[in-house]
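For reference, the structure discussed in these notes is given below.
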Protein chains: 2
Amino acid sequence: MPSSRKLTIYDLASLAGTSASTVSAVLNGTWKKRRISKASAEAIQKIAEEAGYLHNMQARGLRKHRSGLIGMIIPLHDNRFFSSISQVFEREARARDFWPIVVSTLRDPEMEISTARTLMSYRIEYLLVTGATDPDGIGSVCDAAGVRHVNLDLPGRTAPSIISDNYQGAYDLANAVYDRIFAETGEKAPWVPFLGGRAQDHATARRIEGFSDAARDRGMPLYPEQIEARGYAPELAEATIRKLYETHGKLPSGLFINSTIAFEGVIRFFRTLPRNELHTLVVGCYDWDPFATLVDFPLIMVRQDVEKLVTGAFSLIDAGDFSAREPILVQPQLVTDLGGYDRRDA
Amino acid sequence: MPSSRKLTIYDLASLAGTSASTVSAVLNGTWKKRRISKASAEAIQKIAEEAGYLHNMQARGLRKHRSGLIGMIIPLHDNRFFSSISQVFEREARARDFWPIVVSTLRDPEMEISTARTLMSYRIEYLLVTGATDPDGIGSVCDAAGVRHVNLDLPGRTAPSIISDNYQGAYDLANAVYDRIFAETGEKAPWVPFLGGRAQDHATARRIEGFSDAARDRGMPLYPEQIEARGYAPELAEATIRKLYETHGKLPSGLFINSTIAFEGVIRFFRTLPRNELHTLVVGCYDWDPFATLVDFPLIMVRQDVEKLVTGAFSLIDAGDFSAREPILVQPQLVTDLGGYDRRDA
DNA sequence: AGCGTTAGCACAATCGATTGCGCAAAACTT
DNA sequence: AAGTTTTGCGCAATCGATTGTGCTAACGCT
């Protein structure tokens, strides 16, 4: 049972026979400025190390008005896109001597706000708002507390936003799907439903536009029931594709799937089908996952540029420039030639 | 440019015409105990809300010796297993009114220690040590600071550990792979290399034992070069499988892949092969990923019980019992009938 | 009226680190 | 030797919230 009594600079001071202010100066590196002798400094550092002293960041932060914390909220951890963002966020935060705190808010607007408030009560110095349902709601809470913030992945109007070029990505993805279907089957106006996401969200809305314009530019008609974007849950996508299959008695020629999360639901349904049913299918998926690349049908994915998204946010922080209001677009990358072993060798 | 001056209880006190201690009592809920009138309480709450007051957790934590923080270190975010753990960890922490901080340490022992130290300088109240390379090194740092901690996924000797039953999981997985190969091809003693992980790590060591015993129990010989466990990087697995392929001129009959991370590397290599090369392959993978389920060859995966692992750790915390030294085993689940559409319908 | 209770709140110390200021001794100057 | 400068460090206030203690006014009772 280790003692929970923690060492303070006062303990070190009495161990070293000096004052607490000297210890403080030595341990935070200001001792040269404060004209502490090298001998004292080294003695104190040695004692601190041997005693296993740890700074109390609460006391330090309280006094200095700087916590050293930087926060990020994300919709969920359990997803390749967002967890990659966390990974890069951590790296960039540490490179700047910040301590990263990442929390998920499950796309719940209330949770987003309350999470932001809690983070601010721990006195985070910046906040990255990633994929938030209500970026401006969070923004106003941050502004009220004077916390600088940047939106990521979904744009807001009250702070700078770094987002993927969803329109262009979706436009290119849709075209790639149509091209591939034409190459496979010769169909010129195939039935390709749009699946997943939430039509109210900016990203999904832009992707729907890109998707729709791709069809229109090819002179293809668009039907309202072609677009199913009522939510992110895998279950919704699973139910939708099942219903499509049951209604039409077969799969569509292609699918435009709006996220790997929806794709998970689609895959659950696919696993209930006999394999040959998948042979006439081409799938496009907005977002990338390494394991999806080996599926048994032609697949085209959009890989968002996580590095540029996150480092873009940090360069705004570095520059201290939070004035941008027009979203800064980052181009995603189209990844073709995935899946579909069958026809590639046939 | 919002003012960075933050509201304090003193500001609220002068707004309300009371003392700071009254404000404090009202805002932290102890006002009934302190016999503050309901009228004052409500007035102060109203003022605090309208002014957008946020608690300063640094000051509160300093005074109360409780930060309300609970930390967890994980090897990396960008992985289905660990990000699921983060997700459950967050949920459980919040359910206990703790604020979760998750950081990755990239399997670097030095980073593990320094990360633990930094977390403790923010005065986290508990630490979950997940998948650490050096759990006992972290343990001694925690003990020195009097911070209770639990090991997850990899066991230590200085604190309770909750881990998967890696031996049994690997034993079952190996047997399932052998059975499946026999069902597919009739081979009784197929060549099945073990790929990925680090042989020094406890989890990998136990899995190698399970894998080896499964072979021995079937009267199969074991060759030293059958086991390749020099690291986690996808690139290592990719190079290994490529070399195996080039040496033998074909793929092995089966693969025992020790993590989805290694599996990613294997898949990169597979994508360079013509599809029919995969037709004689059975893969077992320790760990689960939803997208891997649709690959083009028979696949058996081990799905670890993330829920039980994390909630198991929390029940130790709830009970305040940090005495256990024998690892607590959680049974993983074998997921069969994945992938391999070809032969399923053929 | 006089006394004990209770209600309602304020005072001031405290948590641990930081920092402006000041002071004594040593070193240097002329 | 007296004055000036430098060296080396300690004092005490401060950050914002919590909490043990104490004080005053109102109330109840006889």
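These numbers come from a predicted model, not from an experiment. The sequence lines fix the lettering, A, B, ..., with proteins before strands; numbering per chain opens at 1.
- Atom-to-atom, CZ of B/Arg35 to P of D/dG20 comes out at 14 Å; the value is rounded to the nearest Å.
- Distance A/Trp31 CH2 to C/dT19 P: 17 Å, rounded to the nearest Å.
- The phosphate of C/dT18 (OP1 or OP2) has a side-chain N or O of A/Ser24 nearer than 4.0 angstrom.
- To the nearest angstrom, P of D/dT18 lies 13 Å from CD1 of B/Ile44.
- Classification of the B/Phe98-B/Tyr126 ring pair by plane angle, with boundaries at 30° and 60°, yields perpendicular.
- Residue A/Thr30 is classed as having no contact, given no heavy-atom separation below 4.0 Å to the nucleic acid.
- Sequence neighbours left out, the pairs with a member in residues 320-329 of chain B that pass side chain to side chain donor-acceptor pair (under 3.5 Å) are B/Arg157-B/Glu326, B/Asp321-B/Ser323.
- Looking at A/Leu309 and A/Ser164, their side chains come closer than 4.5 Å, going by heavy atoms from C-beta outward.
- In terms of phosphate contacts, A/Ser19 brings a side-chain nitrogen or oxygen within less than 4.0 Å of OP1 or OP2 of D/dG10.
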Any chance you could lay out the side-chain hydrogen bond (donor to acceptor under 3.5 Å, both in side chains) test for B/Glu90 and A/Ser104, step after step, and finish with the verdict? CA-CA 8 Å; B/Glu90 259 193 17; A/Ser104 72; 2.5 Å; yes
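- Taking only distance into account, the side chain of A/Arg60 never meets the base of C/dT18 through a donor-acceptor pair shorter than 3.5 Å.
- Put simply, B/His55 has a side-chain N or O that comes within less than 4.0 Å of OP1 or OP2 on D/dT18.
- At least one side-chain nitrogen or oxygen of B/Thr22 sits closer than 4.0 Å to the OP1 or OP2 atom of C/dA10.
- Comparing the start and finish of the helix from C/dA1-D/dT30 to C/dT30-D/dA1, five pairs each, the helix axis swings through 50°, to the nearest 10 degrees.
- Aromatic ring centres of A/Phe89 and A/Phe314 lie closer together than 6.0 Å.
- Geometrically, B/Arg107 engages B/Tyr232 in a cation-pi contact defined by less than 6.0 Å to the ring centre and at most 45° from the axis.
- Counting to the nearest Å, the C1' atom of C/dC15 and the CD atom of B/Gln58 are 13 Å from each other.
- For A/Val23 and B/Ser21, each mapped to the nucleotide of DNA chain D holding its nearest heavy atom, the one lying further toward the 5' end belongs to A/Val23.
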